[in-house]
Amino acid sequence: MSEKSFVITPTEHPVSDADRARLLEHPGFGAVFSDHMATLKWTSDKGWHDGLVGPRRPFQIDPAAAVLHYGQEIFEGMKAYQTQNGGVVLFRPEANAKRFGRSAERLAMPVLPTELFIEAIEELVRLDHEWIPTSEGASLYLRPFLFATEAFLGVRPSREFTFCVLASPVGPYFSGGQKPITVWVSKDYIRAASGGTGAAKCGGNYAAGLLAQAQAYDHGCDQVVFLDAVERRWIEELGGMNVFFVTKDGKLMTPPLSGTILEGITRDSILKLAAEQGLTVQETPYSYEQWKLDAASGVLTEAFACGTAAVIVPIGVVRDAAGEFTIGNGAAGPVTETLYHRLVNIQRGVEADTHEWLHKIEILQPVG
Ligand code: PLP
Ligand code: COI
């Protein structure tokens, strides 16, 4: 089917070229937005309808909208990159679309077909391609999300939803760029339990993690590490990233997909790249106690966090209420650095895309 699902209505008041250039210089993370957004509605009687890519503007929703009371909301995070030859690509968008579908099922929401998910993103990126920053480490972060709009206070799945995609030019997630971060191991709070929503990318997971994240900041840390809900012993993931461990004998370990952690697309890509590099890759439970012992004995040489926003960032120091320890000499290690460069080089079209992870977007240049 070649018919478009989205009506395109460009803004009559775009940000000027000069202002955009200034905003793209140091965008930070998540604070600058492009001119447009994509929206699509769903109702139980009409299904998906009213696709639009138009000016970015506030929503009007009823104060009784279910999302405001019961938090029925899911989201995704992905990036559009400018490749070294000037093309524009997405990284594994089908994987984001599939995960969005799994999150929707878990939150009793309608599943958006993969083609519609990708079409919305493509149309938005086409219209706002001038917002893709070209400096090193920068990209256009895309935030698709779906939320319940039915005005009804009874507790049941909503019958009306709005899907939206925002585009935000971003630099590195952490203020220190790809420099090693310090993480805070939360002993007070957990993120997810078996049977809960840990594997879904829903707003509620992040709301529930904010107090632990605030404690991390209070202790001078960048991110919080969550332990499992049952034994409070096994490392799960960070508030917004998956975690990997590297041993001196060439083993790369990450916690298994137990249903309580997010199935990171960066995590999956790293597992594949590392195996190709000859590392012994293990998806295995790893305890906080063992992490400490292995760091002290030198068995563990590196640890890093990974995700779309963070890419790959070394963990330098691990802290909890009782003390702290350093990983290796606290600096970025060679395995972390090699994986970072390989991933970024594939995303930028510098290294061959042997896994067919890149999804090219044709940008139609205006005539004249
Ligand atoms: N874990 C959590 C809780 C996240 O929020 C993210 C970020 O999306 C990740 C892991 C990494 O997932 P991905 O690599 O797909 O961005
Ligand atoms: C992402 O990496 O896309 C996320 O959603 C994580 C968040 C910390 C921004």
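Every number for a ligand or one of its atoms is a count from 1 in the order of the listing.
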Contact between ligand 2 and [X] is defined here as a heavy atom of the residue under 4.0 Å from a ligand atom; is it met?
| X | result |
| --- | --- |
| R143 | yes |
| E76 | no |
| F75 | yes |

Please work out whether any backbone atom (N, CA, C, O) or any side-chain heavy atom from C-beta onward of [X] is under 4.0 Å from ligand 1, and answer side chain, backbone, both or neither.
| X | result |
| --- | --- |
| K201 | side chain |
| L262 | side chain |
| E76 | neither |

Determine, considering heavy atoms only, which of [options] sits nearest to [atom].
| atom | options | value |
| --- | --- | --- |
| atom 6 (C) of ligand 2 | G30, A310, G240, G264 | G240 |
| atom 3 (C) of ligand 1 | A309, C306, G239, A310 | G239 |
| atom 6 (C) of ligand 1 | G198, G240, G307 | G240 |

Verify the distance criterion only: is there a donor paired with an acceptor across the side chains of [X] and [Y] at less than 3.5 Å?
| X | Y | result |
| --- | --- | --- |
| H341 | E351 | no |
| H219 | E324 | no |
| Q277 | T338 | no |
| S5 | E119 | yes |

Are any side-chain N or O atoms of R126 and backbone N or O atoms of E362, one a donor and one an acceptor, separated by less than 3.5 Å?
->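 Yes; judged by distance alone, with no hydrogens or angles, the pair exists.
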Does an N or O from [X], backbone or side chain, lie closer than 3.5 Å to an N or O of ligand 1?
| X | value |
| --- | --- |
| I265 | yes |
| R191 | no |
| R267 | no |

Between M78 and ligand 2, which part of the residue brings a heavy atom under 4.0 Å of the ligand: side chain, backbone, both or neither?
->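 The answer is neither.
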